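Order of the sequence lines fixes the chain letters, A, B, ..., with proteins taken first and strands second; residue numbering starts at 1 for each chain. Keep in mind that what you see is a predicted model, and the values were worked out from it rather than measured.
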Amino acid sequence: MSVRLYNTLTRRKEDFSPLQVGKAGIYVCGITAYDLCHIGHARAAIVFDVLARFLRYRGYDVTYVKNFTDVDDKIIARAEREGRTIGEVAETFIAAHDEDMAALGVERATVTPRATEHIDGMIALIRTLLEKGLAYVVSGDVYYAVERFAGYGKLSGRGIEEMLAGARIDVNEKKTNPMDFALWKGSKPGEPGWDSPWGKGRPGWHIECSVMSQRYLGDTFDIHGGGEDLIFPHHENEIAQSEGATGRPLARVWMHNGFVRVNKEKMSKSLGNFSTIREMLAVHPPEVLRLFILQSHYRSPVDFSDQALRETRTGLDRFYETRRKIQAALSGGPAADGTAGERLTGGHRRLYEKATGLQERFAGAMDDDLNTARAIGYIFDGVRQVNAYLDAEGQAASPERTLVLAAARQAFDRCGDVLGLFRQDPRDYFAMDQRRETGRRGLEVAEIEDLIAQRLTARQARNWAQADAIRQRLAEHGVILQDGPAATTWKFA
RNA sequence: GGCGGCAUAGCCAAGUGGCUAAGGCAGCGGUCUGCAAAACCGUUAUUCUCCGGUUCGAAUCCGGAUGCCGCCUCCA
């Protein structure tokens, strides 16, 4: 079974076959560093993080390039407004981006180039395009002549004519064709800029990606990704630039993640209905955000709401409850003692086979265009089976139980590694949640635990009325108690 | 106006020609518990927006209708 990926270019799922056996080169358009990242950025980052992780799991040597756009009109505008340089503004938001992504468990890309580090390359590429007659200079600006590139529109599936029919593009007298786009923009006095053969100026938005992808991955590489809003014009223009210059295909597979919506409406900067990652993390555990996103297929739209996120948290809590039980059973139990899985019988054997088969089923779902939703379904199926086992034949410690639960734990860990989920220590997961929620609700962990201790005393005296009164009092603050055989644990509702 | 996507239970969400339509959340009944909570067991879509068609067989393919959404402009 090989990895199959949906290719926007062909509108089909295709078997992934890299240019070089065993290697995969991926380029994903990163952020423009002029503001905090929102949950749409989080989705794109998480989706392609999972792609890279899964390809590595499948044995590919992955080179993942994700750029930072650190020069652009919006950065310039913000810098002007705040009396800072564009470098300072970009630096601020790149650092914030890195923090947010780390919180969400997004691994750093192999290479994270910045546009301003590649101005020379951009100038060289624009020169080539001018030499090939694909671009023209107008008073300090350079434009790409779209109608001279035969393949223009092949990614987004439309022709120049029909795009013009829709015509909401701004009128710019300098352009020969309204669809032409800027490769280089001359700087106005006072604006930042770089010297070029066409005067002081700055690059257009699309040229950086053509240059950086070629620099780190070559003329043609395996996978190019980004949000679906980048299909047009950004990726279409990248194709025109790169393929126009090299005469070779840019990327073999184009992957685009679907949008984040809020109340059934596209979430976007222009609509102003966006939540930053930070705002979300103040209310929800980071792993819940990640799980919520991966519970839908990456190409479908996903609708955020507090309600939906709370439900996801309930599910994730359940996973970690089970993980905690496995941990407890394994730390107290005897060694597996050379017991062979093949010799197990009954319930031990059933779970052992489920556990050892989980990875394969999981990977099969992931092979099918990164079907994380189905893959996660298999994991939760495994969770239920582990719980059922622990309620039945797994109650007593035994070498068999150790073997079976260790197999289950390993299966969860291997799958979790690919998703970037399910890998915290259960104690840390619950403790983190408790810390955030006590902070939000103005409670103290010590207070709560003191009440729990008082209730224990009452319970030992069989004073149920008082014990229940304490539980009720905690419940009013959203604290739910769980009396276990060894101790009482608690969490927020 | 042009192009494209989606429509599966109370909600979220897999499933793209053939085994009982995954999984999560919520609900209900039961087991366990001092009572709860958690966990488990059972249960909640004879049917996949509607109407036609292809096929031995369709949620899955084709045609049409309706509804929702996205792109065509900076956007992950």
query: Between A388(A) and D72(A), which has a closest nucleotide on RNA chain B that is more 5'?
result: A388(A)
- request: Nearest whole angstrom, please: distance from the P of A76(B) to the CH2 of W254(A).
  value: 16 Å
- prompt: With sugar-phosphate meaning primed atoms plus P, OP1 and OP2, does L481(A) contact a base, only sugar-phosphate, or nothing at under 4.0 Å between heavy atoms?
  reply: base
message: Can you tell me if S300(A) touches the phosphate of A14(B), counting only side-chain N or O atoms and a distance under 4.0 Å to OP1 or OP2?
response: yes
message: Please report the distance separating the C1' of G42(B) from the corresponding atom of G5(B), rounded so that it comes out in whole Å.
response: 39 Å
- prompt: Going by modelled atom types, is there a donor-acceptor pair between the base of G70(B) and the side chain of D229(A) at under 3.5 Å?
  reply: no
query: Distance between the C1' atoms of A21(B) and U47(B), in whole angstroms?
result: 8 Å
- request: Write down the partner of A14(B) under the Watson-Crick or G-U wobble criteria, each distance required to be under 3.5 Å.
  value: none
query: Taking a pair as Watson-Crick or G-U wobble with both distances under 3.5 Å, which nucleotide is matched to U20(B)?
result: none
field: Integer-rounded Å distance: C72(B) P and H234(A) NE2
entry: 14 Å
task: Would you mind classifying the nucleic acid contact of G40(A) as base, sugar-phosphate or nothing, using non-hydrogen atoms under 4.0 angstrom?
output: base
- prompt: For Y378(A), which residues count as a ring pair (Phe, Tyr, Trp, His ring centres under 6.0 Å) partner, sequence neighbours excluded?
  reply: none
task: Write down the distance separating the P atoms in C40(B) and C51(B), rounded off to the nearest Å.
output: 39 Å
query: Base, sugar-phosphate alone, or nothing: which one does S296(A) contact when heavy atoms must sit under 4.0 Å apart?
result: sugar-phosphate
- request: Just jot down the ring pair (Phe, Tyr, Trp, His ring centres under 6.0 Å) partners of Y320(A), sequence neighbours excluded, or say none.
  value: Y429(A)
- request: Using a 4.0 Å heavy-atom cut-off across all strands, classify R455(A) as base, sugar-phosphate, or nothing.
  value: base
N/O to N/O distances under 3.5 Å, protein versus nucleotides 19-28 of chain B:
{"residue": "G24(B)", "atom": "OP1", "partner": "R318(A)", "partner atom": "NH1", "Å": "3.4"}
{"residue": "C25(B)", "atom": "O2'", "partner": "E311(A)", "partner atom": "OE2", "Å": "3.4"}

task: Please confirm whether any donor atom in the side chain of R459(A) sits under 3.5 Å from an acceptor in the base of G34(B), or the reverse.
output: yes
- prompt: Between the side chains of S331(A) and Q327(A), does any donor sit under 3.5 Å from an acceptor?
  reply: no
query: With distance as the sole criterion, is a donor-acceptor pair present between the side chains of Q295(A) and T372(A) under 3.5 Å?
result: no
message: Under 4.0 Å, heavy atoms only, any strand: does R261(A) hit a base, just the sugar-phosphate, or nothing?
response: sugar-phosphate
- prompt: Considering only heavy atoms and no angle criterion, is a donor-acceptor pair shorter than 3.5 Å present between the side chain of R471(A) and the base of A36(B)?
  reply: yes
- prompt: G34(B) pairs with which nucleotide, Watson-Crick or G-U wobble, both distances below 3.5 Å?
  reply: none
query: By side chain to side chain donor-acceptor pair (under 3.5 Å), which residues pair with W490(A), not counting sequence neighbours?
result: E449(A)
task: Tell which nucleotide pairs with A59(B), taking only Watson-Crick or G-U wobble pairs whose two distances are both under 3.5 angstrom.
output: none
Whole angstrom value for the distance that separates C1' of C69(B) from CZ of R299(A): 16 Å
field: Interatomic distance, Y27(A) OH vs A76(B) P [rounded to whole Å]
entry: 13 Å
- prompt: When all nucleic acid strands are considered with a 4.0 Å heavy-atom cut-off, which category describes H297(A): base, sugar-phosphate, or nothing?
  reply: sugar-phosphate
query: Does G15(B) have OP1 or OP2 sitting under 4.0 Å from an N or O in the side chain of N371(A)?
result: yes
message: Suppose we define a pair by two distances each less than 3.5 Å, Watson-Crick or G-U wobble; what does U66(B) pair with here?
response: A7(B)
Nucleotide opposite G42(B) in a Watson-Crick or G-U pair, distances under 3.5 Å: C28(B)
statement: Whole-Å distance, Q385(A) CD to C41(B) C1', equals 14 Å
task: Kindly say whether the aromatic ring centers of Y64(A) and F48(A) come within a distance under 6.0 Å.
output: no
- prompt: With sequence neighbours excluded, what pairs up with R441(A) under the salt bridge (charged side-chain N to carboxylate O under 4.0 Å, His left out) test?
  reply: E437(A)
query: Between A36(B), U73(B), A76(B), which nucleotide gets closest to the side-chain atoms of H41(A)?
result: A76(B)
- prompt: Roughly, in whole Å, what's the span from CG in L390(A) to C1' in A38(B)?
  reply: 13 Å
message: By the 4.0 Å heavy-atom rule, please label V260(A) as base, sugar-phosphate, or nothing.
response: base
- request: Determine the contact category for N387(A): base if any of its heavy atoms lies under 4.0 Å from a base atom, sugar-phosphate if only primed atoms, P, OP1 or OP2 are that close, otherwise nothing.
  value: sugar-phosphate
task: Provide the Watson-Crick or G-U wobble partner of C71(B), both distances under 3.5 Å; none if there is no partner.
output: G2(B)
Distance under 6.0 Å and angle within 45° of ring axis: K13(A) vs Y6(A): no
- prompt: Looking only at atom types and distance, does a side-chain atom of E321(A) sit under 3.5 Å from a main-chain N or O of D317(A), one as donor and one as acceptor?
  reply: no
- prompt: Given atom CZ of F181(A) and atom C1' of C74(B), what is their separation to the nearest angstrom?
  reply: 15 Å
- line: K154(A) atom NZ is separated from G4(B) atom P, nearest whole Å, by 18 Å
message: Once ring-ring contact (aromatic ring centres under 6.0 Å, His included) is applied, what residue pairs with a partner in residues 283-313 of chain A remain, sequence neighbours excluded?
response: F292(A)-F304(A)
